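Okay, so here's the structure we're looking at.
Note on naming: letters A, B, ... go to the chains in the order of the sequence lines (proteins, then strands), and numbering restarts at 1 for each one. Here the structure is a predicted model, which is why all the values come from computation and not from measurement. All values below come from the heavy atoms of this structure, side chains included, with hydrogens, waters and symmetry mates left out.
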There are 2 protein chains.
Amino acid sequence: MNSENKNLGIKELAILAEVSIGTVDRVLHNRGGVSSETKKKVLKIVEDSGYKKNIIASRLKLAATSVIRIAILVPETKNDSNYWSLPLQGVDAAVTELSVFGISAEYFFFDLLHPKSFGERIDPIIDGNFDAIITVPFFEAESNRLLARARKQDMPVVFLDTERTLNSKGNFIRQNSFIAGMVAGRLLHGLVGSQGIYFVVNIVNERGKQINNYQRENGFRAFFSENYKSDQIEIHVINHPMEGELDLTPEIQQAFQIAQPKGIFVTNARSYMLPRLLESNNIVNTRIIGFDLNQKNVAYLKSGAIDFLINQKPQYQGYCALKGLYKYLTEEEDSQLNMDIPVEIVVKENVSFFEND
Amino acid sequence: MNSENKNLGIKELAILAEVSIGTVDRVLHNRGGVSSETKKKVLKIVEDSGYKKNIIASRLKLAATSVIRIAILVPETKNDSNYWSLPLQGVDAAVTELSVFGISAEYFFFDLLHPKSFGERIDPIIDGNFDAIITVPFFEAESNRLLARARKQDMPVVFLDTERTLNSKGNFIRQNSFIAGMVAGRLLHGLVGSQGIYFVVNIVNERGKQINNYQRENGFRAFFSENYKSDQIEIHVINHPMEGELDLTPEIQQAFQIAQPKGIFVTNARSYMLPRLLESNNIVNTRIIGFDLNQKNVAYLKSGAIDFLINQKPQYQGYCALKGLYKYLTEEEDSQLNMDIPVEIVVKENVSFFEND
DNA sequence: GACAAAACCGTGTACGTTAACGAATGTAGT
DNA sequence: ACTACATTCGTTAACGTACACGGTTTTGTC
């Protein structure tokens, strides 16, 4: 509590400790070459004075010689409207913002359908001597391998989009899918009521359901069992392949044909497939909630065919990951390496605010 | 398009233009003392090279000698849970984040009920030679006076919370209240339906309705006339004093007593007054939507007595205002002095994400 | 054409941090 | 006592920008 208000620098510290600037610097950076006696003396002054390094000056000096390099490993995208181009946009925005501070990103891609393609990127990244890695934990074994290798080199890893328990602690910046499911439950129940029938629709590729699909469904069910258990709400699950025809069981066919209001929860970004599908099967009186603000979803939201969308803010995830890593690497501050992205509720009237973030 | 990728500095510019660093600097800052010929030559190099000043180095140099000072003029708050302490929290956060860049804030307060108290702060602020002002445009005449005085001194002014047409152009960081009203309309109609009856409740102080109350009500009505005009939806307006008893006209009494679902839209932060009021009048089957995440509102949201809250993100407004001003004052970049704060929809399940922003 | 004043422009220093370099002292081995 | 080497620490030069200072050239005046 001596003089914490005045922002003093290394020079002042040096004077107080009666040593040179170089010695203070060696202590602050643990560069060695300082007797334990002087080290202790300097550390005491550092503590007492509440010294905080001036990152401006620090980055000015460092950016010139050593740029922070971050490896980004994400699913490859065929076109720019693909979901996976969005976190990249956020990363790019952060890189632009911070480039003067000396930071850069390099991109690596893998194939969502082939874990091996992810595994093959691990070596180049680790050998590339990057300062940190941003990726996505889709494949358990491969994610564990990446994490283990990165730990050995002291490279922090930030995982986006999905949380997954791994062998050692990773950092996650993603939306809580269970809560997102609960929110979907509340919104849909508000529209459909306890008399309605509910459908959870998983539109998945050949690798089947992902963690997010499961957790969103669990959250959705949890909402009903916590709030409307006694109402005996009927919930059907439909697993629909991404390509090809919908194979409706007779039971589900029947459920769809009743007159009561029907609530449909699509557990990923493909809710835009529903309106046409419902129409061609003459299914009416339906409400739909889905994820993500892709063009088709937004178009249906605006036309009224989709009622709610939940935004995962993929750009923001990429942006936060890069900024968080920067903060960690320059200030040892890890509080921004783990984030719960808000479950953002989007309707026709407020969609314009979110379309570009 | 020559070499826009390489971030080159004044020294390189000087070499290219075959002048000294000092001359380039004089050109860049319009400090005079340069012949129009060399000025032109330097400017050409500056343009071609896509030079961008290194703010890091710039602020390092400047922060030592001249700190940017910003005046904040907001309603006085009796306690910390008051709404008006929230933008201040955001300003504080931004000041902490940027203090190393050389920025500081000084606070001035006025009384929400007395325009004169606002007017009396104008002189001290203008005479204080601040670099910019952040305030709130509650009083038209006084806001115009402040803006006119500030313009003369080239002080930018950012207004928070409310948009208002003034004699000259000001900067606004606030939520679009009309759209917020439309969103409220959609959410409430989803719960209540076209068979229901709607109430717009303005809980106001002795100065009566504010701009935001009007615009939210207009937006609410617009939602229904755009989407459900033919349904002939019934909308009652209740103007309730902040203190004292609710004076329900017989007509409204009657509307409240019918069995149909009733939707209540509270146009400001005091929706927490409704649940008790409804209960003591034996009014049932109601849905409520209001604004702001104050403690009481959040408690009712969690208990289920309030269905939706709309977040204006007051902290974020303050944060953005300060950061936007910083960017403007250091980089002449005014794109962040005007912002449409997203209309954020909050329910019980996702309220935890927003409670502290 | 001499001289002062004005116009123009290069040099140098500082901001706080970083790290290379080398000076000074100590220790060990012959 | 000499060299060889390790330990500890001070000095100094950057990073890119900002600006004061003072030096050089041009212009104006009689």
Run the salt-bridge test on A:K53 and A:E331 with the 4.0 Å N-O cut-off and return the result as yes or no.
no

Can you tell me how far P of C:dA19 sits from NZ of A:K53, to the nearest Å?
9 Å

According to a strict under-4.0 Å criterion, is A:S35 in side-chain N/O contact with OP1 or OP2 of D:dC9?
yes

Inspect the contact between B:D123 and B:R149 and indicate whether a charged nitrogen and a carboxylate oxygen are less than 4.0 angstrom apart.
yes

Whole Å only: how far is the CZ atom of A:R59 from the P atom of C:dG16?
19 Å

With the side chain defined as heavy atoms from C-beta on, B:N54 is closest, among D:dC15, D:dT17, C:dT11, to D:dT17

Can you tell me if the side-chain N/O atoms of A:K61 get under 4.0 Å from OP1 or OP2 in D:dA13?
no

For A:G9, report the nucleic acid contact type (base, sugar-phosphate, nothing); a contact means any heavy atom under 4.0 Å.
sugar-phosphate

Nearest 0.5 angstrom please: A:L146 CG to A:E142 CD, how far?
10.0 Å

From CG of B:L13 across to P of D:dG16 the rounded distance in Å is 12 Å

When you compare the side chains of A:S335 and A:E333, does any donor N or O come within less than 3.5 Å of an acceptor on the partner?
yes

A:F118 ring center near A:F109 ring center (under 6.0 Å):
no

When all nucleic acid strands are considered with a 4.0 Å heavy-atom cut-off, which category describes A:A64: base, sugar-phosphate, or nothing?
sugar-phosphate

Roughly how many Å is it from CG in B:L62 to C1' in D:dG16, rounded to a whole number?
12 Å

B:H29 or B:R26, whichever maps to the more 5' nucleotide of DNA chain D
B:H29

Between C:dA19 (P) and A:I10 (CD1): distance, integer Å:
10 Å

Pick base, sugar-phosphate or nothing for A:I55, based on heavy-atom distances below 4.0 Å to the nucleic acid.
nothing

Which pair of heavy atoms, one from B:N129 and one from B:R69, lies closest together, and at what distance?
O-NH1, 3.3 Å

Taking atom C1' of D:dA18 as reference, at what distance in whole Å does atom CD1 of B:I56 sit?
16 Å

Can you see if the side chain of A:T38 gets near the phosphate of D:dC9 - specifically, an N or O under 4.0 Å from OP1 or OP2?
yes

Find the distance A:N30:CG to C:dA19:P and express it as a whole number of Å.
13 Å

Across the strands shown, which category fits A:I21 at heavy-atom distances under 4.0 angstrom: base, sugar-phosphate, nothing?
base

Tell me the interatomic distance from B:K41, atom NZ, to C:dC9, atom P, rounded to whole angstroms.
8 Å

Would you say A:S20 places a side-chain N or O within less than 4.0 Å of OP1 or OP2 belonging to D:dT11?
no

Considering heavy-atom distances to DNA chain C, does B:T23 or A:R31 have its closest nucleotide positioned more toward the 5' end?
B:T23

Nucleotide nearest A:D25 when distance is taken to its side chain, options D:dA18, C:dT18, D:dG10
C:dT18

Would you classify B:L60 as touching base, sugar-phosphate or nothing, given that sugar-phosphate means primed atoms plus P, OP1 and OP2, and contacts are heavy atoms under 4.0 Å?
base

Please determine whether a side-chain nitrogen or oxygen atom of B:Y51 lies at a distance below 4.0 Å from atom OP1 or OP2 of D:dG16.
no

